[in-house]
Protein chains: 2
Amino acid sequence: MKPGQRVVVALRKMIASGELADGERIAEIPTAERLGVSRMPVRTALRTLEQEGLVARIGARGYAARGPTISQVTDAIEVRGVLEGLAARIVASSPPAPQLAQKLKDCLAQGEALFAKGYLEEADLERFYTYNLAFHDLLVDASNNSAIAYALSRNNHLPFGSAAALALDWDDLPATYAHLSAAHRDHVAVCDAILSGDAEEAEQLMRRHARAPLANGRLTHAPML
Amino acid sequence: MKPGQRVVVALRKMIASGELADGERIAEIPTAERLGVSRMPVRTALRTLEQEGLVARIGARGYAARGPTISQVTDAIEVRGVLEGLAARIVASSPPAPQLAQKLKDCLAQGEALFAKGYLEEADLERFYTYNLAFHDLLVDASNNSAIAYALSRNNHLPFGSAAALALDWDDLPATYAHLSAAHRDHVAVCDAILSGDAEEAEQLMRRHARAPLANGRLTHAPML
DNA sequence: ATCATGCTTATTGGATCCAATAGCGGTCGG
DNA sequence: CCGACCGCTATTGGATCCAATAAGCATGAT
């Protein structure tokens, strides 16, 4: 990976993990030395992270980390809910192309296979992650609305803003099974609403689905891009 | 203004005005010479504009302008609708602070004053612009949801993505009066729903309000930041 | 004759250097 | 003793230089 990208993801991780505390000042030179690059990649990275809302300018003198606060996390989840809800509504509003219906079925089949055996093993968590992302991406893609994709791509950089934000508990597989299979059932329900052309229902279901992690109460770490 | 900012706004204008056609390649060196600066501000500006969605990367070789297509415009309006709808819902969901109610009243009073005399004059368009922006900002601000503000701030850079996107017709003031007073009535209705705590109604009204320009059919130029 | 391969060149990304600026501290005067 | 002013320094923004890379073209081989 090129230095520029490396610095961006490194800083994202340091902010998300709290290694850079909320409000802590980020100067270019120390950061560059710390990461073993010149000031230039750091400069561009800070500009990028500012656009992403992960750092904020301190007057005219440097940037400060904007650590993930609980409210930021819940806010990002709410926003993802309405955006994906809109995507679902749009998709449901027009008669589905046969190939879209097929893609949806194929995608849901992956989820079905995961839960068929009635329990989860560790490797399944990774598979669910992939399947879940695929479903959400499929929907956004099918909505064919560039502004949604654009807004979501930004939101995804926020902590827990991505569809990957799941209440995963690697130590309590039964509880995780309950959460994830509920999510899968949500997917099926959304798909049904879409295929039957019920736009209102599709949107409501999708929004509730996105908000599920809020109800679960537990927000643990999920991989962030 | 510093060179960096100058280049960003200059490129934004050139893209919005079509001076840089959709899909046209933007190389750093010619652009830098054209604007009379070095390559560096152009580099940072292109990164910024990429984040804003106004240019897209062409493989590993430069950027291309993403001109304002009709679908981009309508997409951005839809997205703004759901985001501001969410803001309205959130505000309506909790009992309004007295000072918020006062601010809303003050804001709506500005609109009321504009339409009281039953017709519009040129200067009123500017005033309505200010009032309209103030109302929308007030709502987003009151929702206290940073992710909404963040997503909207990005969306605002898209053509017609901002609340300033109104079907303004400077030559047909009576028709404009109809549109704008309808918008003001929308504001009043949203405000009523919020103060009475009807979250569902507030959201629906706000979404319809945002989509009104789509129904008006006419999308003319509005100032873009 | 056509396709593949290698060379040339144009263009972007990174590093280093230089200038402008703001913040901070010290000192001097009231 | 306190406040204001001046100068120093730390830090960011811009310019130029260098390296890496990919695209385009030409040439040769099959």
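Below, chain A is the first sequence line, B the second, and so on; all start at residue 1. For clarity, every value in this text was computed on a predicted model and none was experimentally measured.
Remark: Arg34(B) engages Glu19(B) in a side chain to side chain donor-acceptor pair (under 3.5 Å) (not counting sequence neighbours). Partners of Arg208(A) by side chain to side chain contact (heavy atoms under 4.5 Å, CB included), not counting sequence neighbours, listed by chain and number: Leu205(A). With sequence neighbours left out, the side chain to side chain donor-acceptor pair (under 3.5 Å) criterion links Arg61(B) to no other residue. Residues forming a side chain to side chain donor-acceptor pair (under 3.5 Å) with Asp124(A) (at least two apart in sequence, or on another chain): Lys117(A), Arg127(A). Taking Thr48(A) as the reference, Glu52(A), Gln51(B) meet the side chain to side chain contact (heavy atoms under 4.5 Å, CB included) condition, with sequence neighbours excluded. With sequence neighbours left out, the side chain to side chain donor-acceptor pair (under 3.5 Å) criterion links Arg39(B) to Glu28(B).
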Sequence neighbours left out, cut at 3.5 Å: what donor-acceptor pairs do the side chains of residues 90-109 of chain B make with other protein atoms?
| from | atom 1 | to | atom 2 | distance (Å) |
| --- | --- | --- | --- | --- |
| Ser93(B) | OG | Arg89(B) | O | 2.6 |
| Gln102(B) | NE2 | Asp106(B) | OD1 | 3.0 |

Please tabulate, one pair per line, all N/O donor-acceptor pairs under 3.5 Å involving side-chain atoms of residues 2-11 of chain A, not counting sequence neighbours.
none

Leu214(A) and Glu78(A): side-chain contact (heavy atoms from CB on, under 4.5 Å), yes or no, with the steps?
CA-CA 9 Å; Leu214(A) 295 179; Glu78(A) 294 267 12; 4.2 Å; yes
In 5'-to-3' order, the base (B), backbone-only (S) or no-contact (-) status of each nucleotide in nucleotides 21-26 of chain C, using a 4.0 angstrom heavy-atom cut-off, is BB----
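Sorted by first then second residue, the side chain to side chain donor-acceptor pair (under 3.5 Å) pairs that include residues 144-153 of chain A, not counting sequence neighbours, are Asn145(A)-Asp75(B), Ser146(A)-Asp75(B).
Running 5' to 3' along DNA chain D, contacts with non-hydrogen atoms of chain B at under 4.0 Å begin and end at dG14(D) to dA22(D).
Listed by residue number, the members of residues 35-50 of chain B with any heavy atom below 4.0 angstrom from DNA chain D are Ser38(B), Arg39(B), Met40(B), Pro41(B).
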